[in-house]
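Numbering of ligands and ligand atoms starts at 1, following listing order.
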Amino acid sequence: MNKYYLEKAAGILSTPLYYSQLHLLTKPIYGGMGHILMFHRVLPVSEKLRIHNHKSLEISPDRLEGIIEFFKKRNYDFISLDDLVALKNSPSKKSERKFVVFTFDDGYVDNYLYAYPIFRKYHVPFTIYVATNLPDSTATLWWYLLEDIVVKRTSLRVDVEGTEMTFRTETVKEKEMVFNKIRNWLAVADEKSLSTLLSSLFRGSEDEIAAKTKELSLTWQQIQELSQDSLVTIGSHTVNHFPLNSLTAEKSTYEILESKKIIESQIAREVKHFCYPLGSYGTKEIEILGKTSYATATTIKMANIFAENLQHPLALPRIMINTLTTDKILSLQVNGFLPALRNKFKRVVI
Ligand SMILES: [Zn+2]
């Protein structure tokens with residue numbers, strides 16, 4: 001089932017599904033031994049006009065506490081990615097209790113400002129996967145810049161593979177539609193079409209690009225401070241956040257190894273955990289990672305973790321948390337009901 005419709009349907013049906021207790025039937029088969037959760041941003045709710053699909057990658061600090069409470073109430077073990085690797089290496093350590101791992105993608109400053117104090121309060125470990133061009137201030141955070149210009153402007157001109165196209169962005173509906181269309185192009189574009197598209201979109205806004213990156217990214221100083229805390233794991237999310245599947249083996253290797261080197265030189269610790277940008281990976285990336293000292297890599301496939309997944313630590317599925325993830329939806333996810341539908345009743349997803 002298409003992910004978008006699955007989420008929509010889950011939202012509408014979550015209450016009847018939850019009370020029907022049907023999801024408790026899937027729990028023994030699809031619930032798994034634990035879950036890796038995927039977050040992006042944690043920040044207070046803003047009043048300004050936002051693009052819905054985009055805003056969905058953010059949750060409020062209160063909601064983050066609510067999610068921690070959800071797992072506390074259910075008696076979960078809160079573990080780090082290193083603990084997960086230890087489970088693989090010494091199965092005797094496996095507890096009767098389920099585990100949950102918290103992970104954050106990209107390296108946003110709000111992870112430090114709003115999420116970190118909450119994890120400290122509850123003493124819960126978490127991982128931040130950093131794309132090094134965020135703290136290096138060389139990233140083009142096009143997904144936020146695109147939102148800004150779509151919200152601000154009444155029309156937009158872009159160059160898609162040599163063809164100039166103009167879109168009306170007057171109403172909220174038009175803004176949503178155009179944002180989603182362009183975002184979908186950008187997400188799968190190869191390096192060359194990405195740069196043509198971006199330069200046509202952001203021509204003349206070079207200062208804004210740099211300012212936006214600085215405004216949203218963690219600094220190296222904050223990353224260093226976080227890395228000193230035993231609750232925090234700093235992982236790699238490449239240098240440039242390109243979809244790795246669209247790159248040559250040589251470029252993929254660079255993204256995977258160079259980011260590790262850069263972060264290690266900044267935090268003076270080994271970086272052992274990786275996350276594929278946009279969930280884009282193939283056998284090429286698994287092979288490259290297999291030759292390095294990375295111990296795990298996470299994807300954006302939606303599934304719970306089973307013992308079999310620990311034998312394939314370079315393609316670990318996760319459960320995405322966004323504004324739509326109420327406690328009822330979270331129950332349907334961790335009990336395996338939604339992953340079973342999403343994966344056509346396949347249990348172990350690699
Ligand atoms: Zn990312």
Side-chain angles (χ1 to χ4, degrees), residues 3 36-43 51 53-59 81 101-112 115 126-147 179-180 182-191 194 197-198 209 212-219 222-223 226 232-247 251-252 254-260 262-263 271 273-282 285 288-289 294 296-302 314-323 325:
K3 199 168 133 201
I36 306 176
L37 307 181
M38 163 175 58
F39 298 81
H40 284 81
R41 306 187 62 194
V42 175
L43 72 172
I51 301 291
N53 249 357
H54 200 214
K55 195 178 69 178
S56 73
L57 287 179
E58 303 162 3
I59 61 162
L81 286 169
V101 182
F102 286 74
T103 67
F104 288 76
D105 290 10
D106 301 341
Y108 297 108
V109 67
D110 49 76
N111 297 179
Y112 173 83
F126 68 106
T127 293
I128 301 178
Y129 294 115
V130 176
T132 58
N133 66 359
L134 267 79
D136 275 343
S137 299
T138 52
T140 301
L141 296 181
W142 57 258
W143 46 103
Y144 286 102
L145 288 158
L146 180 64
E147 182 183 33
F179 175 87
N180 289 332
I182 300 178
R183 187 195 58 173
N184 291 344
W185 283 333
L186 287 167
V188 294
D190 59 33
E191 214 179 329
L194 185 75
L197 247 161
L198 289 178
I209 293 177
K212 193 79 190 168
T213 307
K214 276 215 158 78
E215 175 196 326
L216 296 179
S217 308
L218 283 165
T219 64
Q222 288 161 339
I223 295 169
L226 286 163
V232 187
T233 301
I234 303 293
S236 159
H237 197 38
T238 73
V239 176
N240 292 299
H241 204 277
F242 292 141
L244 295 180
N245 249 343
S246 70
L247 303 185
K251 286 192 169 156
S252 251
Y254 170 83
E255 292 289 331
I256 290 167
L257 293 183
E258 187 66 13
S259 53
K260 181 172 159 70
I262 295 172
I263 302 172
V271 170
H273 305 282
F274 184 80
C275 170
Y276 303 103
L278 308 156
S280 170
Y281 73 103
E285 282 68 37
I288 298 167
L289 282 159
Y294 279 115
T296 72
T298 50
T299 71
I300 57 171
K301 288 182 179 167
M302 188 225 279
L314 298 178
L316 296 168
R318 294 185 289 173
I319 299 286
M320 190 212 264
I321 306 289
N322 59 30
T323 41
T325 318

Next on the checklist: For Arg41 and Leu57: C-alpha separation, side-chain torsions, deciding distance, then whether side chain to side chain contact (heavy atoms under 4.5 Å, CB included) applies.
Outcome noted: CA-CA 6 Å; Arg41 306 187 62 194; Leu57 287 179; 5.9 Å; no
Item to check | Contact flag Cys275/the Zn ion (ligand 1), N/O/S atoms, threshold under 2.8 Å | outcome: no
Next on the checklist: Here's a test for you: under side-chain contact (heavy atoms from CB on, under 4.5 Å), which of Thr103, Asn322, Ile59 qualifies with Phe39?
Outcome noted: Ile59
Item to check | Residue His40, metal the Zn ion (ligand 1), N/O/S under 2.8 Å | outcome: no
Checklist entry - Between Gln222 and Thr219, what is the shortest heavy-atom contact and its length? => result OE1-N, 2.9 Å
Checklist entry - Which is the closest N/O/S atom of Asp106 when seen from the Zn ion (ligand 1)? => result OD1
Item to check | Asp106/Tyr108 under side-chain hydrogen bond (donor to acceptor under 3.5 Å, both in side chains): CA gap, chis, key distance, verdict | outcome: CA-CA 6 Å; Asp106 301 341; Tyr108 297 108; 2.8 Å; yes
